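Hydrogens, waters and symmetry mates are skipped; everything else that's a heavy atom, side chains included, is used. Residue numbers begin at 1 in each chain, while the letters A, B, ... track the order of the sequences. Computed from a predicted model, the values in this text were never measured in an experiment.
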Amino acid sequence: MIEFRQVSKRFGSVVALDGVDIHFPQGSICGLFGPNGAGKSTIMKLITGINYPDQGEVMVRGAAPKAQRQLVAYLPEVDHLYPWWKLAQAARFMSAFYPDWDESRYKGLLSFLQLDEQMVIGKISKGQRAKAKLLLVLSRRAPYLLLDEPFSGIDLLTREEIANALIEGYREGEQTMIISTHEIDEVESLVDRVVFIEQGRIQLQDDAEQLRLKRNQSLVEIMKEVFRNGSQQV
Amino acid sequence: MKFDNSQPIYMQIIDEFKKGIIRAELKAGDKIPSQREYAQMVKVNPNTVQRAYREMENLGMVETLRGQGTFVRAGEDKRQEMAQEMANTIIEQFISQMRSLGYEDRTILAMLEKHLEDLEEDEEVDRV
């Protein structure tokens, strides 16, 4: 379980998060939805302990994020792998660094995602690089999985492969996943919990199925309604 | 299968299995996919599939035997009961939608009869 209590975060004069309370239940796949600059990445970075809140507290399984870093696998939006690495080298680095690295899972996903260990990270397509990043994150048996914009700028077919890999690798109950994205379409049937954020404030958070039942709307439709008065990004 | 994203997905999963049982494509004792297999097949959150399976067990549609898998439990009585229930729901929806358009019951019935007759004729033409 991840809990945000009255969390605020500023970067200079920009208010990234403004007193937010968020609850990410244990064992759920949560969609973190909002336009660019809404505060999605800030939430991710607070959970990983890369950034600290100015006010309020963030708890990962009952403790401060910094103490729980080994429990969290994080896929950042930016390319964080050395372009001269072969995929195999990146995997060796990760396996040495994280005790929860699962070699057999890595091998399984490698073929599921149709990647080759000899690929040089800087020389492959954007879609393949996205898959490579995902492979390295999913090969850890981390109880918390944070994926920041895993679909951005990636073609439809590859998006589908990524969504399939997420379902394939998901361990019910034990794993909590947070996916931030614009492409709600892609994750409609993938998430069971949703958090809508805009300009650093939480507009809505609920169980996805409850929302559909209550509103007879898809998550995309709900998002449009929730953000109607907000930015034009949606 | 394609889901309607404006309705709870676990309910649509249950309806799919209900339809299978009603049409007798699924019979008592038949094995259905494991939750994991099904989640991958329809590309849906495994938690949602788990919810649907649990609900189907509560409804007496299926049972899960430890180490063996999930099996259809509904026999002929249950099948008829479910068919009746689903038919009632569809009819109720139809009536309430027609009424909300302002049609009177007599007109609704007449329109339905006319429509069924037309369909029958079309089907006869197709056969010829």
Side-chain angles (χ1 to χ4, degrees), chain A residues 24-31 33 108-109 112 145 147 151 156-157 159-179 183-194 206-225, chain B residues 1-19 32-59 61-62 64-70 85-86 89-90 92-101:
Chain A
F24 297 106
Q26 186 63 41
S28 61
I29 302 183
C30 308
F33 303 142
L109 275 167
F112 186 87
L145 201 56
L147 310 175
F151 304 107
L156 218 66
L157 219 67
R159 282 185 201 179
E160 228 170 76
E161 280 183 75
I162 288 178
N164 291 347
L166 291 179
I167 293 174
E168 213 266 337
Y170 183 69
R171 302 189 303 282
E172 293 98 304
E174 36 171 322
Q175 204 169 36
T176 307
M177 207 188 282
I178 303 175
I179 307 172
E183 342 271 340
I184 304 192
D185 263 343
E186 232 54 60
V187 295
E188 276 271 4
S189 55
L190 199 63
V191 298
D192 53 16
R193 176 103 193 154
V194 293
D206 204 344
D207 177 279
E209 298 278 72
Q210 282 296 328
L211 277 177
R212 293 192 184 101
L213 194 61
K214 273 190 270 188
R215 305 172 66 127
N216 283 325
Q217 285 176 313
S218 67
L219 299 178
V220 172
E221 289 164 340
I222 293 170
M223 168 133 171
K224 282 183 187 150
E225 211 169 278
Chain B
M1 94 178 252
K2 194 84 192 108
F3 292 101
D4 171 2
N5 284 325
S6 63
Q7 300 299 322
I9 292 167
Y10 83 98
M11 288 184 178
Q12 296 178 59
I13 294 172
I14 296 172
D15 278 352
E16 266 313 293
F17 281 103
K18 263 190 193 162
K19 283 180 194 161
I32 65 169
S34 73
Q35 294 181 19
R36 173 157 291 273
E37 285 164 356
Y38 190 73
Q40 286 173 24
M41 244 162 64
V42 297
K43 306 185 198 319
V44 161
N45 184 320
N47 294 324
T48 307
V49 174
Q50 190 178 47
R51 190 165 173 177
Y53 273 51
R54 204 184 305 136
E55 186 69 17
M56 290 198 291
E57 283 174 23
N58 292 339
L59 291 169
M61 291 166 60
V62 301
T64 299
L65 303 176
R66 195 170 279 275
Q68 293 181 55
T70 303
E85 198 183 274
M86 205 168 230
T89 310
I90 293 169
E92 277 159 24
Q93 278 170 358
F94 168 72
I95 293 174
S96 88
Q97 284 188 28
M98 290 300 281
R99 281 182 174 168
S100 79
L101 292 176

If you count heavy-atom pairs under 4.5 Å between each of [options] and chain A, which one has the most?
| options | value |
| --- | --- |
| B:Q35, B:R36, B:Q50 | B:R36 |
| B:V42, B:D4, B:V44 | B:V44 |
| B:N47, B:V49, B:T48 | B:N47 |

Q. Rounded to the nearest 0.5 Å, how far apart are CE of B:M86 and CG of B:D15?
A. 4.0 Å

Q) How long is the gap from CD on B:E37 to CD1 on B:I32, to the nearest 0.5 Å? A) 10.0 Å

So what's closer than 4.5 Å to chain B heavy atoms on [X]: side chain, backbone, both or neither?
| X | value |
| --- | --- |
| A:D207 | side chain |
| A:E188 | both |
| A:V191 | backbone |
| A:N164 | side chain |

Q | Backbone N/O of A:F24 and side chain of A:R193: donor-acceptor pair under 3.5 Å | A | no

Q: Could you tell me whether B:R99 atom CZ has more than 12 heavy atoms of other residues or ligands within 6.0 Å of it?
A: no

Q. Can A:K214 and A:D206 be counted as an ion pair, charged N to O under 4.0 angstrom?
A. yes

Q: Measure the acute angle between the ring planes of B:F17 and B:Y38, then classify it against the limits of 30° and 60° as parallel, tilted or perpendicular.
A: tilted

